[in-house]
Asks: 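The structure's right below; bear with me while I get my questions together.
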Amino acid sequence: MPETLRSLESKRDSLYKRLHEIGDFRRGTISANYRKCGKKNCACAKEGHPGHGPQYLWNATINGKSCAKNLQLGTELQKYTEETENYREFLKLCNEVVRLNEQICKLRPTPEIKDNAELEELKKKLKRVFMRRYKKK
């Protein structure tokens with residue numbers, strides 16, 4: 001059964017409400033890292049030892065630059081974890097909104113222009129707009 005325009009619009013509205021309820025979010029990932037200190041007598045130098053840690057690190061690429069921050073175990077790590085999870089939920093919802101909007105655009109009828117003079121004026125206007133774009137390249 002094909003969906004109606006009204007049902008798709010109501011789904012989109014509910015997605016907008018869910019987007020509004022997400023709260024704070026940030027890009028990036030959080031990893032737990034184990035590192036060896038390099039001292040020969042340290043326990044981490046022995047074979048099979050994972051190293052010192054875990055150390056929690058938040059990484060993100062923002063405006064083409066890599067950002068990183070060591071996180072303290074506790075409330076700071078919990079805050080960053082919730083915010084990165086909220087960001088993944090935000091991306092998922094945005095993709096769903098785009099998918100729904102594409103379906104709505106397919107179903108929404110094209111407006112009809114009955115006046116020929118108005119139609120010709122619209123064609124001229126669109127031609128000018130697209131020719132300007134073409135000439136810029």
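Atom set for the values below is all heavy atoms of this structure, side chains included, hydrogens, waters and symmetry mates excluded. Numbering starts at 1 and runs along the sequence shown. None of these values were measured; they are calculated from a predicted model.
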Asks: How long is the gap from NZ on K69 to OH on Y80, to the nearest 0.5 Å?
Replies: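 Reported to 0.5 Å precision, the distance equals 3.5 Å.
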
Asks: Between N86 and I22, what is the shortest heavy-atom contact and its length?
Replies: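 Scanning both residues completely, I find the closest heavy atoms to be ND2-O, 3.5 Å.
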
Asks: What's the separation between atom CG in L100 and atom CD in E9, rounded to the nearest 0.5 Å?
Replies: 10.5 Å

Asks: Give, for atom CE of M131 and atom CG of L126, the distance between the pair rounded to the nearest 0.5 Å.
Replies: 13.0 Å

Asks: Do L71 and Y87 share a hydrophobic cluster (ILVMFWY, side-chain heavy atoms under 4.5 Å, transitive)?
Replies: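 No; Y87 is not reachable from L71 via cluster members.
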
Asks: Which atom pair, heavy atoms only, marks the closest approach of C37 to C44?
Replies: N-SG, 3.4 Å

Asks: Which pair of heavy atoms, one from A45 and one from K40, lies closest together, and at what distance?
Replies: CB-O, 3.7 Å

Asks: Are the side chains of E89 and E21 in contact, using a 4.5 Å heavy-atom criterion?
Replies: no

Asks: Heavy-atom count check: over 12 atoms from other residues, nucleotides or ligands less than 6.0 Å from D115 CG?
Replies: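 Result for CG/D115: enclosed.
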
Asks: Classify the ring geometry between F25 and F90 as parallel (under 30°), tilted (30 to 60°) or perpendicular (over 60°).
Replies: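 Ring orientation, 0 to 90° scale: parallel.
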
Asks: Verify the cluster assignment for L73 and I30: are they in a single hydrophobic cluster under the rule of side-chain heavy atoms below 4.5 Å apart?
Replies: yes

Asks: What distance do R26 atom CZ and T81 atom OG1 have between them, rounded to the nearest 0.5 Å?
Replies: 10.5 Å

Asks: For residues Q103 and R12, determine if any side-chain heavy atom of one lies less than 4.5 Å from a side-chain heavy atom of the other.
Replies: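 No; the side chains remain at least 4.5 Å from each other.
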
Asks: With a 3.5 Å distance limit and no angle check, can you tell me whether D24 reaches the backbone of E83 through a side-chain donor-acceptor pair?
Replies: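 Checked: no pair found.
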
Asks: Over all heavy atoms of both residues, which pair between R88 and G28 is shortest? Give the atoms and the distance, please.
Replies: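 The answer is NH1-O, 3.8 Å.
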
Asks: Is the closest side-chain heavy-atom distance between K79 and E76 below 4.5 Å?
Replies: no

Asks: Output the distance between atom CG (L93) and atom CG (L19), rounded to the nearest 0.5 Å.
Replies: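 Spacing of CG (L93) from CG (L19) equals 5.0 Å.
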
Asks: Looking only at heavy atoms, which two atoms of A32 and P54 are closest? And how far apart?
Replies: CB-CB, 4.0 Å

Asks: Nearest 0.5 Å please: distance from the CD1 atom of I104 over to the OG1 atom of T4.
Replies: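 So the CD1 of I104 and the OG1 of T4 are separated by 10.0 Å.
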
Asks: Start with the C-alpha gap between R27 and T84, add the side-chain angles, then the distance that decides, and say whether side-chain contact (heavy atoms from CB on, under 4.5 Å) holds.
Replies: CA-CA 6 Å; R27 296 178 264 202; T84 54; over 6 Å; no

Asks: Could you tell me whether the side chain of S31 reaches within less than 4.5 Å of the side chain of Y56, counting heavy atoms only?
Replies: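 They are not in contact (no side-chain heavy atoms under 4.5 Å apart), so the answer is no.
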
Asks: Donor-acceptor pair, K36 side chain versus H49 backbone, under 3.5 Å?
Replies: yes

Asks: Less than 4.5 Å apart, side chain to side chain, heavy atoms only: is that true for L15 and R18?
Replies: yes

Asks: W58 and L77: same hydrophobic cluster, using ILVMFWY side-chain contacts below 4.5 Å?
Replies: yes

